[in-house]
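It should be emphasised that the depicted structure is a prediction, and the values quoted were computed from it without experimental measurement. Every heavy atom of this structure was used, including side-chain atoms; hydrogens, water molecules and symmetry mates were not.
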Amino acid sequence: MTEPHFASCRTRCDQPAYYRIYVHGPLDMRWLCEYIDMRVERIVGANSVVVTKVAGELVDQAALIGVLSLLSDLGAPLLAFECFPYSEE
């Protein structure tokens, strides 16, 4: 498993972008999917370390803050996130 890394995102605050968010530990995927419209995947790495990846498009950075706040409220430590500007192509 390659390590997640921080990436810069060259997008405006009010534009959609695709995000991958990595948090430490397992999260209840069914419960989380009821609150956010993103794909949730559990990754088991070396030494059985569990990382949860949450990925999908968010309409703006306010939506990103909402997802990050939810993950924080769940006690899931943020490991990294990646941002990819939305393209209409």
For this session: Please examine the side chains of Val40 and Leu27, heavy atoms only from C-beta on, and report whether any two atoms are closer than 4.5 Å.
Result: no
For this session: Starting from the C-alpha separation in whole Å, work towards a yes-or-no answer on side chain to side chain contact (heavy atoms under 4.5 Å, CB included) for Leu32 and Leu74.
Result: CA-CA 10 Å; Leu32 193 58; Leu74 293 173; 4.0 Å; yes
Problem set entry | Sequence neighbours excluded, every pair satisfying salt bridge (Lys or Arg N to Asp or Glu O under 4.0 Å) that has a member inside residues 67-78 | none
Exercise. Quick one: does Ser72's side chain have a donor or acceptor within less than 3.5 Å of a partner on Leu68's backbone?
Worked result: no
Exercise. How long is the span from the CG atom in Leu58 to the CE atom in Met38, to the nearest 0.5 Å?
Worked result: 4.0 Å
For this session: Can you tell me which residue pairs pass the side chain to side chain donor-acceptor pair (under 3.5 Å) test with a partner in residues 27-38, sequence neighbours excluded?
Result: none
Problem set entry | Closest non-hydrogen atom pair, Ala17 against Cys83 | CB-SG, 4.0 Å
Exercise. What closest approach, in Å, do Ala63 and Asp60 show between heavy atoms, and which atom pair accounts for it?
Worked result: N-OD1, 2.9 Å
For this session: Kindly work out whether a path of hydrophobic side-chain contacts (I/L/V/M/F/W/Y, heavy atoms less than 4.5 Å apart) joins Tyr19 to Met29.
Result: yes
Exercise. For Val49, does its backbone N or O pair with a side-chain atom of Asn47 as donor and acceptor, under 3.5 Å?
Worked result: no
For this session: Report the residues that fulfil side chain to side chain donor-acceptor pair (under 3.5 Å) with Arg39, sequence neighbours left out, ordered by chain and then residue number.
Result: Glu41
For this session: Could you state whether Leu78 and Leu70 fall into the same hydrophobic cluster, counting links through intermediate Ile, Leu, Val, Met, Phe, Trp or Tyr residues with side-chain heavy atoms under 4.5 angstrom apart?
Result: yes
Exercise. Is there a side-chain contact between Leu71 and Thr52 (heavy atoms, below 4.5 Å)?
Worked result: no
